[in-house]
A.B. asks: 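Have a look at this one.
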Amino acid sequence: AGRTARIGARVARMLRALRLVRLAKLYKVASGRRVQTHDLETWDVNEDDEKLYDQAQESRIGAKLSDLTTRRIILAVLALLFGLPMLQVDRTKRLPESADYGANVVWKAFRRWEDGRGSREAYEEAMLDYVFYHLPLSSGKHPASH
């Protein structure tokens with residue numbers, strides 16, 4: 001659930017960023033039109049200003065590429081949102097982890113000792129193996145092992 005929430009938060013941030021970029025483009029286009037009409041009506045127009053304005057405008061090919069890229073990104077994010085949960089393995093189908101496996105070994109040694117089929121030393125050996133294997137900074141074997 002935590003990983004899915006993080007993915008959702010990332011997608012929300014990405015969509016907000018895309019909306020901000022789109023808003024900036026719309027503002028740029030709208031302000032460009034207003035400046036152009038204002039320049040033509042009241043002020044003298046320089047050739048330099050016209051060149052700068054023409055260079056700043058996005059071409060149709062650039063606009064189509066930008067739209068296509070945005071669509072592909074959105075589709076990729078949606079595919080990840082729906083596809084990632086399908087790729088995760090269910091915890092019940094995974095092999096036991098080291099701690100689970102070791103705890104089962106200790107439990108079985110204890111049950112054998114309790115039922116009279118095993119010795120206390122075997123149980124203690126299993127317990128010490130488990131404890132020393134999972135200690136950080138240990139070699140994995142307890143000092144009394146043979």
Side-chain angles (χ1 to χ4, degrees), residues 1-40 45 48-146:
R3 193 180 320 189
T4 306
R6 285 193 302 268
I7 292 171
R10 278 190 212 137
V11 169
R13 283 194 301 268
M14 187 180 298
L15 289 176
R16 281 196 301 262
L18 287 173
R19 275 192 250 144
L20 185 63
V21 169
R22 186 172 177 217
L23 183 64
K25 284 182 181 180
L26 288 173
Y27 177 77
K28 182 178 165 184
V29 169
S31 70
R33 287 181 187 159
R34 189 173 59 237
V35 168
Q36 184 183 20
T37 57
H38 184 68
D39 283 348
L40 291 177
V45 178
D48 294 336
D49 290 341
E50 281 185 17
K51 287 178 186 176
L52 286 175
Y53 181 73
D54 289 340
Q55 289 174 355
Q57 282 185 329
E58 189 176 28
S59 67
R60 274 190 268 155
I61 294 173
K64 286 182 181 182
L65 285 174
S66 177
D67 284 345
L68 186 62
T69 303
T70 304
R71 287 180 186 171
R72 285 182 179 170
I73 289 172
I74 290 172
L75 286 175
V77 168
L78 288 174
L80 285 174
L81 275 175
F82 292 113
L84 277 180
M86 289 182 224
L87 296 176
Q88 293 178 351
V89 178
D90 187 21
R91 181 166 171 80
T92 59
K93 296 183 186 199
R94 285 194 242 164
L95 294 174
E97 294 177 359
S98 172
D100 295 332
Y101 182 76
N104 284 336
V105 168
V106 171
W107 175 250
K108 287 178 184 177
F110 176 74
R111 293 297 298 182
R112 279 193 299 268
W113 172 48
E114 205 175 48
D115 292 342
R117 294 181 289 131
S119 66
R120 178 180 172 156
E121 289 79 21
Y123 163 66
E124 288 175 354
E125 183 76 22
M127 177 61 89
L128 288 173
D129 280 342
Y130 177 75
V131 169
F132 278 96
Y133 183 80
H134 290 92
L135 276 178
L137 305 176
S138 75
S139 64
K141 288 288 183 185
H142 59 86
S145 68
H146 30 10

A.B. asks: Can you tell me how far apart CG (Leu84) and CE (Met86) are? Round to the nearest 0.5 Å.
C.D. replies: 9.5 Å

A.B. asks: Are Leu18 and Ile74 side-chain neighbours, meaning at least one heavy-atom pair lies under 4.5 Å?
C.D. replies: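 Leu18 vs Ile74: side chains touch.
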
A.B. asks: Are side-chain heavy atoms of Arg72 and Leu68 found at a separation under 4.5 Å?
C.D. replies: yes

A.B. asks: Sub-3.5 Å donor-acceptor pair from the side chain of Thr70 to the main-chain atoms of Ser66, do we have one?
C.D. replies: yes

A.B. asks: Between atom CG of Leu78 and atom CD1 of Ile73, what is the distance when rounded to the nearest 0.5 Å?
C.D. replies: 12.0 Å

A.B. asks: Considering residues, nucleotides and ligands other than Ile61, do more than 12 of their heavy atoms fall under 6.0 Å from its CD1?
C.D. replies: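 Result for CD1/Ile61: open.
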
A.B. asks: Which distance, rounded to the nearest 0.5 Å, do you find between the CG of Leu15 and the CG of Leu20?
C.D. replies: 12.5 Å

A.B. asks: Please tell me if the side chains of Leu80 and Ile7 come closer than 4.5 Å, counting only heavy atoms from C-beta onward.
C.D. replies: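 Sidechains of Ile7 and Leu80: no contact.
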
A.B. asks: What's the spacing between Arg19 CZ and Leu26 CG if we round to 0.5 Å?
C.D. replies: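 Between atom CZ of Arg19 and atom CG of Leu26 there are 13.5 Å.
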
A.B. asks: Nearest 0.5 Å, what's the CZ-CE distance between Arg120 and Met127?
C.D. replies: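 It is 11.5 Å, given to the nearest 0.5 Å.
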
A.B. asks: Please find the pair of heavy atoms, one from Ala109 and one from Ala122, that lie closest to each other, and give the distance.
C.D. replies: CB-O, 4.3 Å

